[in-house]
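Take a look at this one; I'll ask things after.
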Amino acid sequence: MKFLVFDLEATCWNSPGNELRVQEIIEIGACILDPYGEIETKFQSFIRPVKNPILSPYCRNLTMIEQPDIDRAKSFKQVMERFFEWADPETEEYLFCAWGDADKELIRSDAKLHNFSIDWISPYLDIKDRYHRNRNIQKKMGLDKVLYLNGFAFEGRRHRALYDALNLAKLVSKYKDEWHY
């Protein structure tokens, strides 16, 4: 089985009163690891949000994604169709991996918003939860700290989907024999 490691970035705000706003995906980054833990291919795309198409200053500063990137981006459905073609889950068997449950819930939420089926993103493994459970660590650490404790440095820009996915792939590769689903 191969591993499809992915990460999402979404619209975000840090001011009071925005807690009820619907987050939408603005970037997806992913890589496919072969059964030996080697990266075969990568995918990255911006996604144009529809409910909140203007990025907040907080979101732009956090992700370094600029408004023109989003304005030129394709819709969620168009990007997911490209992602589906790239991954080809009908002919390949994957274990979909992300750091936490937030990305799985976010992609489900956007799929519902856009009336798009994502049933093919299964089985799904929350690497953050599994890593901590396998080591009996009660207090969950962030990806940066876990990478450091495992002898890896974070490479690239934090809060950018492809970089986050590639860094997570280091852990997936190192512990690939633990990630049976």
Side-chain angles (χ1 to χ4, degrees), residues 4-32 39 41-87 96-118 121 124-129 131-132 139-148 152-172:
L4 194 151
V5 183
F6 72 99
D7 185 73
L8 307 171
E9 300 304 327
T11 53
C12 54
W13 308 266
N14 72 339
S15 53
N18 287 308
E19 301 83 19
L20 300 178
R21 282 191 173 185
V22 174
Q23 279 194 299
E24 295 173 83
I25 300 168
I26 57 173
E27 183 183 27
I28 182 170
C31 60
I32 294 172
I39 294 176
T41 183
K42 303 170 195 173
F43 180 92
Q44 184 278 336
S45 185
F46 293 115
I47 299 173
R48 189 177 61 254
V50 293
K51 292 210 174 266
N52 297 288
I54 306 300
L55 298 180
S56 71
Y58 173 78
C59 188
R60 290 192 319 268
N61 186 53
L62 179 69
T63 64
M64 300 305 289
I65 297 172
E66 296 297 330
Q67 190 64 47
D69 297 325
I70 296 307
D71 293 343
R72 289 189 298 267
K74 301 292 186 195
S75 70
F76 175 83
K77 185 176 180 178
Q78 290 170 309
V79 172
M80 285 296 105
E81 286 170 349
R82 278 188 35 235
F83 182 78
F84 186 84
E85 288 173 16
W86 168 77
F96 289 83
C97 305
W99 186 254
D101 266 346
D103 288 330
K104 178 177 73 170
E105 295 309 316
L106 186 57
I107 206 164
R108 283 185 177 165
S109 172
D110 263 28
K112 185 176 180 182
L113 175 66
H114 296 277
N115 196 28
F116 187 81
S117 173
I118 55 143
I121 298 184
Y124 176 86
L125 179 63
D126 174 348
I127 297 295
K128 181 179 185 177
D129 181 65
Y131 176 86
H132 288 84
K139 186 175 186 229
K140 293 202 169 123
M141 299 174 279
L143 179 58
D144 279 4
K145 186 165 186 179
V146 172
L147 284 167
Y148 174 78
F152 300 115
F154 190 98
E155 296 177 43
R157 172 84 174 112
R158 287 167 178 78
H159 303 292
R160 288 302 302 270
L162 182 56
Y163 288 125
D164 287 349
L166 291 171
N167 281 286
L168 179 56
K170 295 173 188 179
L171 291 175
V172 173

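For the numbers below, each heavy atom of this structure counts, side chains included, while hydrogens, waters and symmetry mates do not.
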Query raised in the report: According to the interplanar angle, ranging from 0 to 90°, do the rings of Phe6 and Phe96 count as parallel (below 30°), tilted (30 to 60°) or perpendicular (above 60°)?
Result: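 Perpendicular.
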
Requested in this report: Could you tell me whether the side chain of Trp13 reaches within less than 4.5 Å of the side chain of Gln23, counting heavy atoms only?
Outcome: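 In short, these two side chains touch, coming nearer than 4.5 Å.
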
Query raised in the report: Can you find a pair of side-chain heavy atoms, one from Ser45 and one from Arg82, that are under 4.5 Å apart?
Result: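 The answer is yes; the side chains approach within 4.5 Å.
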
Requested in this report: Kindly compute the distance separating CG (Asp71) from CD (Glu66), expressed to the nearest 0.5 Å.
Outcome: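 One gets 11.0 Å once the value is rounded to the nearest 0.5 Å.
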
**Report entry** Closest approach of Leu113 to Glu24 (non-hydrogen atoms, all atoms of both residues)
**Finding:**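 For Leu113 and Glu24, the tightest heavy-atom pair comes out as CD2-OE1, 3.7 Å.
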
**Report entry** Residues Val79, Arg48; criterion side-chain contact (heavy atoms from CB on, under 4.5 Å); working and verdict
**Finding:** CA-CA 9 Å; Val79 172; Arg48 189 177 61 254; over 6 Å; no

Query raised in the report: Between Ala161 and Glu27, which heavy-atom pair has the shortest distance, and what is it?
Result: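 Smallest interatomic distance, heavy atoms only, reads N-OE1, 3.1 Å.
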
Requested in this report: Check Val5 against Ala165 and note the closest heavy-atom contact, atom names and distance.
Outcome: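 Looks like CG1-O, 3.5 Å.
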
Query - Trp86: partners by ring pair (Phe, Tyr, Trp, His ring centres under 6.0 Å), with sequence neighbours left out - result: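 For Trp86 the ring pair (Phe, Tyr, Trp, His ring centres under 6.0 Å) partners, ignoring immediate neighbours, are Phe43, Phe83.
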
Query raised in the report: How many angstroms lie between atom CD1 of Ile47 and atom NE2 of His114, to the nearest 0.5 angstrom?
Result: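 With rounding to 0.5 Å, CD1 (Ile47) is 8.0 Å from NE2 (His114).
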
Query raised in the report: With sequence neighbours excluded, what pairs up with Glu105 under the side-chain hydrogen bond (donor to acceptor under 3.5 Å, both in side chains) test?
Result: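 Listed in chain order: nothing, the list is empty.
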
Query - Min side-chain heavy-atom separation Ile65-His159 under 4.5 Å - result: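 No, too far: nothing below the 4.5 Å cut-off.
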
Query - Exceeds 12 heavy-atom contacts within 6.0 angstrom, atom OH of Tyr163 - result: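 Open: at most 12 neighbouring heavy atoms sit under 6.0 Å from OH of Tyr163.
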
Query raised in the report: Roughly how far apart are Leu8 CG and Asp103 CG, rounded to 0.5 Å?
Result: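 It comes to 4.0 Å.
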
**Report entry** Among Thr63, Asp144, Asp164, side-chain hydrogen bond (donor to acceptor under 3.5 Å, both in side chains) partner for Arg158
**Finding:**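 So, applying the side-chain hydrogen bond (donor to acceptor under 3.5 Å, both in side chains) to Arg158 and each of Thr63, Asp144, Asp164, only Asp144 qualifies.
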
Query raised in the report: Should Lys128 and Val146 count as side-chain neighbours, where that means a heavy-atom distance under 4.5 Å?
Result: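 A side-chain contact is absent here, since even the closest heavy-atom pair is not under 4.5 Å.
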
Query - For Glu9, all residues meeting side-chain hydrogen bond (donor to acceptor under 3.5 Å, both in side chains), sequence neighbours excluded - result: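 Partners of Glu9 under the side-chain hydrogen bond (donor to acceptor under 3.5 Å, both in side chains) test: none.
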
Side-chain polar contacts of residues 52-60 - donor-acceptor pairs under 3.5 angstrom, sequence neighbours left out - could you list them?
residue, atom, partner, partner atom, Å
Asn52, ND2, Val22, O, 3.3
Ser56, OG, Cys12, O, 2.5
Ser56, OG, Cys59, N, 3.0
Arg60, NH1, Leu55, O, 2.9

Query raised in the report: Which distance, rounded to the nearest 0.5 Å, do you find between the OG of Ser109 and the NZ of Lys104?
Result: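 Here the interatomic distance stands at 13.5 Å.
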
Query - Non-hydrogen atoms of Arg160 and Phe46 that approach each other most closely - result: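 Where Arg160 meets Phe46 most closely, the heavy atoms are NH2-CZ, 3.1 Å.
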
Query raised in the report: Of all residues at least two apart in sequence or in a different chain, which pass the salt bridge (charged side-chain N to carboxylate O under 4.0 Å, His left out) check with Glu155?
Result: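 Partners of Glu155 by the salt bridge (charged side-chain N to carboxylate O under 4.0 Å, His left out) criterion, ordered by chain and then number, come out as Lys170.
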
Query raised in the report: Going through the distances and angles, do Asn167 and Leu147 end up as a side-chain contact (heavy atoms from CB on, under 4.5 Å)?
Result: CA-CA 8 Å; Asn167 281 286; Leu147 284 167; 3.8 Å; yes

Query raised in the report: Looking only at heavy atoms, what is the nearest atom pair of Phe76 and Ile107, with distance?
Result: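 That would be CZ-O, 4.1 Å.
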
Report task. Apply side-chain hydrogen bond (donor to acceptor under 3.5 Å, both in side chains) to Asp101 and list each qualifying residue two or more places apart in sequence or on a separate chain. Result ->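 Scan of Asp101 (side-chain hydrogen bond (donor to acceptor under 3.5 Å, both in side chains), adjacent residues dropped) gives none.
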
**Report entry** Leu143 and Leu171: CA distance, side-chain angles, deciding distance, side-chain contact (heavy atoms from CB on, under 4.5 Å) verdict
**Finding:** CA-CA 9 Å; Leu143 179 58; Leu171 291 175; 3.7 Å; yes

Query - Closest non-hydrogen atom pair, Lys42 against Leu162 - result: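 Shortest heavy-atom contact: CB-CD1, 4.2 Å.
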
